[in-house]
Amino acid sequence: MDTEQRAGGEMGDQDPNPWATPQGPRQPVAPEQATPQPLPPQQGYPQQPGYPPQQGYGQQLGYPAQATYPQQGYGQHPYPQQVPPQYTQPYPQAQQPGYGTPPSAPTAAYDANPYATGASWAPGPQQGWAPPPKPGLIPLRPLSFSDLFGAPFLVLRRNPKATFGSALLLQGLTAVLSLVIVGVVTWLSLSRLSQAAPGEEDAISAGAITAIILSFLIPVAVSIAGSAILQGIIAQEVARGTLGEKLPLGVLWRRTKARFLPLIGYTFLLIGVVTVFIAVAVGLGFVLTGLGGTAGVALTVVMGIGALLVLIAASVWLGTKFSLTPSIIVLENGKVFASLARSWRLTDGYFWRTFGVQFLVSSVVSVASQVVATPISLLASLVPVLFVGVDSEATMIVATIAAQGLSLLVSVIIGAITVVVISATSAVIYVDLRMRKEGLDLDLARFVEARAGGRETVDNPFDVAAAGGKATR
């Protein structure tokens, strides 16, 4: 019995189940004092990296032992102990093994990357799409339809002294010449007719009528030349306004005066072509009418209608294709025929867009002009009727002259505005087509940047020959 008890006691000294929980109460141990007890490895499972050897599993046969990493025991976490009630204190940042430093403290390897630091994520202006520069009149990019429609009116409002002043000067000069030349010629012709002998009235009357008609041609020619000059001045204003410059009237005239003769020559060339076409059509009409009979009259009528339709279509087509010629003559220092050919090439593929913008702007300006001018013209025509009962003839003459003078003044002002807007439309279309086809917007942007930086630049970036295809030298 004693032997069995001793044997049992000796056997009881060894725990038959090493995984069983020890009997009896255990004293709590502070986490920082807990020390894990290593257990012998079990056979059949490899040791995992980053974890301590587990109890009850041995080393597998046939597999080499893998490297272990020291880690704290089960009583502690790998992170510093946190105190839940303390919300005002920030949690300490623990460094995790094998994952490098946190973003708040970037290493030198990440300093070269601006996106590696936390500062780059801070709120503030972000780099993104930026609109094209707009140093002046229009943005330096291919223009939309609304830009093309609004820019001509902005030209008039942006620099009225130079644009409206030039147009008013030329329109006023034309009006004065019309009054002086036509008035003097008419007065001389009628005076001669009143002093003619009884047998010479018919010849003097024919000569007087011819002189009066020819006198009207002089103001017409002056008006045409003035319109051509004004187109060049407005083209110069649009070009400099696109670069952010606002030139006074005198500077615009000095920059453009060297191109006055080519501008006038181009304008009279177009008028000559139209005149020749009309003369040929009228001559053929007389020939057909001379054939006599119903067939001759019918052919004349049909030919007249056909000639009118052809003239309208040719005027629209050629006028649109050659509408950029004044801008090319002034801004690129081109010759007349070379400028006509270049205008033809620039409008290739954009005929209807060019015609649509010009037609819309012309229609708006024409309607607005008629709304303003028609009431004043009616009032001027009614003045003699209103003063019929007045006994004083001098009063009626003065009232009539005042009404006609007011109507003429309004017509001159409206004509000046109309010419400026229509000329500016062609100039803006010219700049837009060059930006679309030739990348002029990039050249102009380089020119503006170079000028702002004080570097040497060409005087006229629109001149292809002078700029060499670039805005800066």
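Because the structure is a prediction, the values reported are computed rather than measured.
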Check K321 with D348, please: is the shortest side-chain N to carboxylate O separation under 4.0 Å?
yes
Looking only at non-hydrogen atoms, find the nearest pair between R353 and F145 and report the distance.
NH2-N, 4.2 Å
Check: P461 and L444 side chains under 4.5 Å, non-hydrogen atoms
yes
Does the pair T425 and F149 meet the rule for a side chain to side chain contact (heavy atoms under 4.5 Å, CB included), with working shown?
CA-CA 8 Å; T425 303; F149 180 76; over 6 Å; no
If you define the side chain from C-beta out and look only at heavy atoms, does anything of L249 sit under 4.5 Å from K161?
no
Quick check against the 3.5 Å criterion: does K437 have a side-chain atom that pairs as donor or acceptor with the backbone of R345?
yes
Check step by step if side chain to side chain contact (heavy atoms under 4.5 Å, CB included) holds for L331 and Y430.
CA-CA 10 Å; L331 300 179; Y430 161 78; 3.4 Å; yes
CZ-CG distance between R255 and N460, expressed to the nearest 0.5 angstrom:
7.5 Å
Check whether D432 reaches the backbone of P142 with its side chain - one donor and one acceptor, N or O, closer than 3.5 Å.
no
So which atom in L143 and which in P139 form the shortest heavy-atom distance, rounded to 0.1 Å?
CD2-O, 3.7 Å
Taking the side chain as every heavy atom from C-beta outward, state whether I328 and L346 have any atom pair closer than 4.5 Å.
yes
Are any non-hydrogen side-chain atoms of F462 and L440 less than 4.5 angstrom apart?
yes
Relative to each other, are the rings of W352 and F355 parallel, tilted or perpendicular (30° and 60° limits)?
perpendicular
Check ion pair R451-E245 (N to O, under 4.0 angstrom)
yes
L309 vs I305, test: side chain to side chain contact (heavy atoms under 4.5 Å, CB included). Steps then yes/no.
CA-CA 6 Å; L309 295 177; I305 296 175; 4.3 Å; yes
Are the side chain of S343 and the backbone N or O of S339 linked by a donor-acceptor pair below 3.5 Å?
no
Flag the pair V365 / F153 as yes when at least one side-chain heavy-atom distance between them is below 4.5 Å, and no otherwise.
yes
Side-chain donor/acceptor of S363 to backbone N/O of F359, under 3.5 Å
yes
I need the L263 CG to T325 OG1 distance, nearest 0.5 Å.
10.0 Å
Other residues, nucleotides and ligands only: do more than 12 of their heavy atoms fall within 6.0 Å of CZ on F351?
yes
What heavy-atom pair brings A427 and S327 nearest, and what distance separates the two atoms?
CA-OG, 3.5 Å
Quick one: OG1 on T163 to CD1 on I233, what's the gap to the nearest 0.5 Å?
10.5 Å
Is K246 salt-bridged to E237, cutoff N-O under 4.0 Å?
no
For D147, check salt bridge (Lys or Arg N to Asp or Glu O under 4.0 Å) against everything at least two apart and list the hits.
R141
Measuring from L442:CG to L140:CG, what's the distance to the nearest 0.5 Å?
9.0 Å
What distance do I417 atom CD1 and I422 atom CD1 have between them, rounded to the nearest 0.5 Å?
12.0 Å
Looking only at the side chains, is there a donor atom on one of Q231 and S426 sitting less than 3.5 Å from an acceptor on the other?
no
Quick check: do Y266 and L270 have side-chain heavy atoms less than 4.5 Å from each other?
yes
Search all heavy atoms of A151 against all heavy atoms of I138 and return the closest pair with its distance.
CB-CG2, 3.8 Å
Step through the shown structure and confirm whether more than 12 heavy atoms of other residues, nucleotides or ligands are within 6.0 Å of CG on L261.
no
Non-hydrogen side-chain atoms of I218 and L177 separated by less than 4.5 Å
no
Donor-acceptor pair, distance only, cut-off 3.5 Å: does the side chain of S223 make one with the backbone of P219?
no
According to the interplanar angle, ranging from 0 to 90°, do the rings of F260 and W253 count as parallel (below 30°), tilted (30 to 60°) or perpendicular (above 60°)?
perpendicular
Tell me the closest heavy-atom pair linking T186 and V182, and the distance in Å.
OG1-O, 2.6 Å
Drop me the distance from I414's CD1 to I376's CD1, to the nearest 0.5 angstrom.
6.5 Å
Working note: L148 + S144, criterion side chain to side chain contact (heavy atoms under 4.5 Å, CB included); need CA distance, chi angles, decisive distance, verdict.
CA-CA 6 Å; L148 292 173; S144 62; over 6 Å; no
Smallest separation among heavy atoms of V330 and R259, with atom names:
CA-CG, 4.1 Å
Tell me, do L137 and V155 make a side-chain contact under 4.5 Å, heavy atoms counted?
yes
Going by the rule salt bridge (Lys or Arg N to Asp or Glu O under 4.0 Å), which residues pair with E438 if we only count those two or more places apart in sequence or in a different chain?
R342, R434
